Number of protein chains: 2
Amino acid sequence: MREAEIYKALGDPLRLQIVTRLASGSTYTIGELSKNLGVTRQGARKQLQVLVSAELVQLIPKGRETVVALEVEKLTAARQFIAQLERQWDQRLQDLKALLEDGSDKP
Amino acid sequence: MREAEIYKALGDPLRLQIVTRLASGSTYTIGELSKNLGVTRQGARKQLQVLVSAELVQLIPKGRETVVALEVEKLTAARQFIAQLERQWDQRLQDLKALLEDGSDKP
DNA sequence: ACAATATGCAACTAATTGGTTGTATATTGT
DNA sequence: ACAATATACAACCAATTAGTTGCATATTGT
């Protein structure tokens with residue numbers, strides 16, 4: 001179940017906060033992003049690498065600094081996968097209901 | 001960022017497979033669910049406990065066996081949180097665009 | 001009553017993870 | 001040219017995790 005990787009990437013408080021910042025804030029470089037996270041810059045950088053491996057963010061070197069960019073398509077894919085689970089679950093409930101009604105549509 | 005817990009729960013191949021089965025299949029008891037997962041029953045049970053702690057599944061003892069039930073509301077919450085991130089990201093892009101257009105709505 | 005079944009609980013191990021510190025390298029502004 | 005800045009890379013550490021084996025306990029069907 002390779003789809004797990006993206007949830008694993010999101011499944012850490014620090015990383016989720018980073019992603020949240022990237023989605024809503026105007027933070028750009030690694031240095032800026034690493035501020036006020038309660039960990040050292042190297043600590044933040046390490047988590048950033050996890051997000052890169054999961055292809056949730058991209059690092060773009062620009063001169064002496066590096067710009068961090070969110071890859072929103074991955075978020076979309078993660079959301080859609082969950083949506084599909086929900087749909088399957090709904091279907092199962094409907095099937096069960098139909099079974100209880102014994103195939104007929106008695107009111 | 002306490003929201004991370006649910007993604008962490010989903011962020012393991014075995015656990016995600018369990019959730020997928022619960023959503024789509026007709027597996028019910030712990031024993032049934034543990035079959036064909038490539039791990040021992042106790043191994044599966046341990047992962048099941050993680051899902052219970054994240055309130056993604058519920059265990060309902062029934063006689064000598066235990067029924068495993070998916071709590072779909074948690075999935076919904078997880079999906080909605082991601083959807084919100086996507087929306088924020090969209091908004092940010094729009095703001096940026098507006099800024100580039102210098103505030104006016106020149107065609 | 002008793003054998004089979006379904007589960008629970010605990011100890012142990014190997015691997016992974018989240019974080020640190022310390023050092024080296026490249027880029028920029030004056 | 002050089003000091004300041006932004007980042008990279010590696011070694012190390014404690015905690016967590018994913019899985020195992022082994023044993024105990026409760027429930028059910030005949």
Side-chain angles (χ1 to χ4, degrees), chain A residues 1-22 25-71 74 78, chain B residues 1-22 25-70 78:
Chain A
M1 202 112 257
R2 74 196 180 294
E3 297 96 323
E5 197 187 13
I6 189 172
Y7 301 116
K8 186 168 190 178
L10 294 174
D12 172 87
L14 187 57
R15 287 195 297 264
L16 191 55
Q17 198 178 350
I18 289 175
V19 169
T20 302
R21 275 197 197 184
L22 285 173
S26 44
T27 359
Y28 276 113
T29 75
I30 294 183
E32 286 162 359
L33 197 57
S34 301
K35 284 174 188 162
N36 296 99
L37 285 176
V39 293
T40 62
R41 185 182 55 77
Q42 288 93 327
R45 176 55 233 253
K46 220 173 161 184
Q47 299 310 319
L48 213 36
Q49 186 54 48
V50 176
L51 294 174
V52 168
S53 298
E55 294 174 294
L56 245 166
V57 311
Q58 217 179 335
L59 298 184
I60 303 144
K62 227 141 214 168
R64 89 176 128 178
E65 43 193 33
T66 300
V67 171
V68 184
L70 182 66
E71 305 220 58
K74 265 284 156 115
Chain B
M1 203 109 257
R2 74 195 180 297
E3 298 96 324
E5 196 188 13
I6 190 171
Y7 301 116
K8 187 169 190 178
L10 293 172
D12 171 87
L14 188 56
R15 287 195 296 264
L16 191 55
Q17 197 177 351
I18 290 175
V19 169
T20 301
R21 275 197 197 184
L22 285 174
S26 44
T27 358
Y28 276 114
T29 74
I30 293 183
E32 285 162 2
L33 197 58
S34 301
K35 283 174 188 162
N36 297 99
L37 284 177
V39 293
T40 61
R41 183 183 54 78
Q42 288 93 328
R45 178 54 233 256
K46 222 172 161 186
Q47 298 310 320
L48 214 36
Q49 187 54 49
V50 175
L51 295 173
V52 168
S53 298
E55 293 175 292
L56 245 167
V57 310
Q58 217 179 335
L59 298 183
I60 302 146
K62 225 137 215 173
R64 91 176 128 179
E65 43 192 32
T66 299
V67 171
V68 184
L70 182 67

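These numbers come from a predicted model, not from an experiment. Letters go in sequence order (proteins before strands), and every chain restarts at 1. Heavy-atom basis, side chains included; hydrogens, waters and symmetry copies ignored.
Protein atom CG of B:Asp12 is 18 Å distant from nucleotide atom P of D:dT16, rounded to whole Å. Rounded to whole Å, atom P of D:dA18 lies 11 Å from atom CD1 of B:Ile18. Here the C1' atom of nucleotide C:dA10 and the CZ atom of B:Arg45 are 14 Å apart, to the nearest Å. One atom, CZ of A:Arg15, and another, P of C:dT17, lie 8 Å apart when rounded to the nearest Å. Atom NZ of A:Lys46 and atom P of D:dA11 are 12 Å apart (whole Å). The interatomic distance linking A:Ile60 (CD1) with D:dA6 (C1') rounds to 16 Å, in whole Å. In this structure, CG of A:Leu51 is placed 13 Å from P of C:dT17, rounded to the nearest angstrom. Whole-Å rounding puts the A:Ile30 CD1 to D:dT7 P distance at 5 Å.
A:Lys62 comes within contact range of no nucleotide atom at all, as no heavy-atom separation falls under 4.0 Å. Here A:Gly43 lies in heavy-atom contact (under 4.0 Å) with a base.
The line from CD of A:Gln17 to CG of A:Leu22 is 11.0 Å long, rounded to the nearest 0.5 Å. Between the CG atom in A:Leu51 and the CD1 atom in A:Ile6 there is a gap of 9.5 Å [rounded to 0.5 Å]. Remark: A:Thr66 OG1 to A:Gln58 CD distance equals 12.0 Å, nearest 0.5 Å. From B:Leu16, atom CG reaches atom CD of A:Glu3 across 6.0 Å, with rounding to the nearest 0.5 Å. Taking CZ of A:Arg15 as the start and CG of A:Leu56 as the end, the distance is 10.0 Å to the nearest 0.5 Å.
The listed nucleotides are D:dA18, D:dT16, C:dT21; the one nearest the side chain of A:Thr40 is C:dT21. Looking at the side chain of B:Gln47, the nearest of the listed nucleotides D:dA18, C:dG8, D:dT7 is D:dA18.
If A:Leu14 and A:Glu65 are placed on DNA chain C by their nearest nucleotide, the residue sitting closer to the 5' end is A:Leu14.
The side-chain hydrogen bond (donor to acceptor under 3.5 Å, both in side chains) test with A:Gln49 singles out one residue from A:Arg45, A:Lys46, A:Gln47, and that residue is A:Arg45.
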For nucleotides 22-26 of chain D, give me every protein contact, N/O to N/O, under 3.5 Å, one pair per line with atom names.
| from | atom 1 | to | atom 2 | distance (Å) |
| --- | --- | --- | --- | --- |
| D:dG22 | O6 | B:Gln42 | NE2 | 3.1 |

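Counting only residues at least two apart or in different chains, salt bridge (charged side-chain N to carboxylate O under 4.0 Å, His left out) contacts with residues 50-66 of chain A comprise A:Glu55-A:Lys74.
Base pairing of C:dT16: its partner is D:dA15, meeting the Watson-Crick or G-U wobble criterion (both donor-acceptor distances under 3.5 Å).
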